[in-house]
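The next block holds one structure in the form of structure tokens; read it before the comments.
This chain uses plain numbering: 1 for the first residue, then up along the sequence.
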Amino acid sequence: MSWSPASAGPPALTWGFRRPDPLHHLAGRHPFRLHALVGGTPAYKEMCGGAGPDGVADFDRWVARRLLNPASAMFREGGLLLREEPSISDPTSYAAVLAAVSAGHHRRSEIAGALGRPSSALAHLLSGLQGIGLLEQAEDAIRDKRSVFRVAEPVVRLHQLLIQRHEPELVVGRADRVWEENADTVAGKIYGPHFEELARQWCFEHAEPESLGGRPSWVRPTEIACREHRRGHELDLVVAESPAFGTDRIIAIGEAKGTLTPVGLPQLERLEHLRGLLPSARVGALPKLLLFARSGFTDDLRREAERRSDVELVDLHRMYRGE
């Protein structure tokens with residue numbers, strides 16, 4: 001992923017976007033959505049006709065015209081990245097793994113279940129996709145020998161979730177309908193995971209130590225077991241600092257919401273609950289609580305955060321602007 005959110009990054013510069021106006025309710029959503037769909041590869045601008053969407057109102061029409069149009073150079077790009085790789089001898093099997101991960105199956109056992117294969121049969125497929133840069137692996141922040149996989153190239157994710165599945169409809173000119181009818185898929189499987197990854201990147205590369213409670217050595221997701229609710233709770237990011245001597249200590253945990261509704265007090269209360277479930281041996285000082293929101297925060301949450309030193313709110317404007 002080649003976007004630096006703190007500077008509005010290559011998409012904003014390459015595509016000619018200005019920094020978002022912090023007073024505008026759509027601030028930052030335009031370049032964020034574009035990057036979530038196609039990534040930060042500069043060459044994609046020319047493959048999209050030399051220009052991005054002409055404002056927020058043109059975004060959906062631009063997607064249909066430049067990404068979901070069989071006549072566009074971008075239409076098959078997400079598939080060609082795999083099929084044209086000389087080290088891949090069986091593109092179909094590798095594409096099935098990419099499809100499973102794109103659909104939300106991020107752990108090895110989940111991928112195996114989606115494909116109907118034993119986990120032991122996935123080793124060469126997973127390592128092969130990592131070797132060509134289409135898949136990334138992240139260790140679990142708390143549980144040893146557990147990891148999650150994510151698609152590294154946004155254009156591949158778009159291809160797997162929309163273009164490949166709906167190619168017959170797209171070929172006959174129904175791009176507008178496909179885009180509209182798959183709005184939930186785009187929001188949940190593309191924008192949501194992408195925003196979570198940007199939040200982790202921001203913590204590791206751009207946040208000041210005061211924002212995190214220390215200097216991060218790594219930022220990873222995890223799932224925390226909860227006896228009260230009798231299930232596991234996913235946690236988008238755990239920030240840890242590695243001292244010169246001793247084990248890593250957790251300095252912050254966070255939640256990233258890429259939805260269209262503002263984040264409110266219930267999300268903060270959930271984070272407080274999860275903080276109480278962290279293994280005591282991994283915690284020193286009270287970890288900070290980080291809330292990331294694509295669509296901002298409610299007034300009551302802002303008031304609560306203003307009076308507390310252990311809560312940080314990060315919206316798209318702060319991610320663009322940096323610290």
Side-chain angles (χ1 to χ4, degrees), residues 97 100-120 122 126 137-151 184-185 187-197 199-200 203 213 218-240 247-295 297-298 300-301 304-305 308 310-314:
V97 173
V101 177
S102 297
H105 306 289
H106 298 297
R107 301 189 183 278
R108 185 186 294 260
S109 59
E110 296 171 350
I111 300 169
L115 300 183
R117 297 189 180 194
S119 295
S120 57
L122 297 181
L126 295 172
Q137 181 178 1
E139 297 300 320
D140 189 285
I142 294 176
R143 298 182 294 177
D144 294 334
K145 298 181 180 179
R146 296 291 298 271
S147 58
V148 293
F149 296 88
R150 55 178 175 261
V151 176
D184 289 344
T185 296
K189 305 298 185 184
I190 295 181
Y191 294 156
H194 198 75
F195 189 70
E196 293 168 12
E197 180 57 26
R200 287 188 285 266
C203 288
W218 49 259
V219 184
R220 301 169 185 164
T222 191
E223 183 177 300
I224 301 179
C226 176
R227 291 183 179 180
E228 178 183 344
H229 298 107
R230 297 182 179 180
R231 65 182 180 87
H233 293 291
E234 291 188 356
L235 190 53
D236 294 333
L237 54 97
V238 176
V239 185
T247 60
D248 297 346
R249 66 181 185 92
I250 296 172
I251 58 176
I253 62 173
E255 187 81 2
K257 293 295 184 183
T259 61
L260 292 176
T261 56
V263 170
L265 282 174
Q267 283 75 33
L268 177 59
E269 293 167 356
R270 178 180 184 273
L271 270 188
E272 289 179 307
H273 173 65
L274 296 185
R275 181 168 62 182
L277 301 177
L278 295 172
S280 57
R282 304 287 295 276
V283 176
L286 188 69
K288 298 197 72 168
L289 304 178
L290 314 175
L291 283 168
F292 294 80
R294 173 187 168 198
S295 301
F297 307 94
T298 60
D300 54 355
L301 176 57
E304 179 70 9
R308 294 175 55 169
D310 65 329
V311 177
E312 291 286 338
L313 305 183
V314 185

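Taking CZ of R200 as the start and CG of L290 as the end, the distance is 12.5 Å to the nearest 0.5 Å. For the atom pair CZ of F297 and CG of L265, the computed distance is 12.0 Å after rounding to the nearest 0.5 Å. Distance check, rounded to the nearest 0.5 Å: CG of L278 to CZ of R249 gives 13.0 Å. In this structure, T298 OG1 and Q267 CD are separated by 8.0 Å, a value rounded to the nearest 0.5 Å.
In this view, K257 and E255 satisfy the salt bridge (charged side-chain N to carboxylate O under 4.0 Å, His left out) rule, not counting sequence neighbours.
Here the side chains of Q137 and L126 are not in contact, with every heavy-atom distance at 4.5 Å or above. Under the 4.5 Å side-chain criterion, counting only non-hydrogen atoms from C-beta, I190 is not in contact with T185.
In terms of modelled atom types and a separation under 3.5 Å, the side chain of R294 and the main chain of L260 share no donor-acceptor contact. Distance alone, capped at 3.5 Å, places no donor-acceptor pair between the S295 side chain and the P262 backbone.
Across all their heavy atoms, C203 and F292 have their closest contact at SG-CZ, 3.6 Å. Minimum interatomic distance between I253 and L271 (heavy atoms only, all atoms of both residues): CD1-O, 3.7 Å. Residues A256 and D236 share a closest heavy-atom pair of N-OD2, 2.8 Å.
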Q. Is there a salt bridge (charged side-chain N to carboxylate O under 4.0 Å, His left out) between E272 and R308 once you walk through the steps?
A. CA-CA 13 Å; E272 289 179 307; R308 294 175 55 169; 2.9 Å; yes
Q. Given the rule in the side-chain contact (heavy atoms from CB on, under 4.5 Å) test, do L291 and L301 qualify, once you have shown the distances and angles that lead to the verdict?
A. CA-CA 10 Å; L291 283 168; L301 176 57; 3.9 Å; yes
Q: Walk me through it: do R275 and D310 pass the test salt bridge (charged side-chain N to carboxylate O under 4.0 Å, His left out)?
A: CA-CA 11 Å; R275 181 168 62 182; D310 65 329; 3.1 Å; yes
Name every donor-acceptor pair, under 3.5 Å, that has one atom in a side chain of residues 218-228 and the other anywhere in the protein, sequence neighbours excluded.
residue	atom	partner	partner atom	Å
W218	NE1	D248	OD2	2.8
T222	OG1	D140	OD1	2.6
T222	OG1	D140	OD2	3.4

Please tabulate, for the side chains in residues 103-116, all donor-acceptor contacts under 3.5 angstrom to protein atoms that are two or more places apart in sequence or on a different chain.
residue	atom	partner	partner atom	Å
H106	ND1	F149	O	2.9
E110	OE1	H106	N	2.9
E110	OE1	R107	N	3.1

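Heavy-atom neighbours of E269 CD from other residues, nucleotides or ligands within 6.0 Å: above the threshold of 12.
A donor-acceptor contact closer than 3.5 angstrom is absent between the side chains of S147 and E139.
Looking at K288 and E312, a side-chain N of the basic residue comes within less than 4.0 Å of a carboxylate O on the acidic one, giving a salt bridge.
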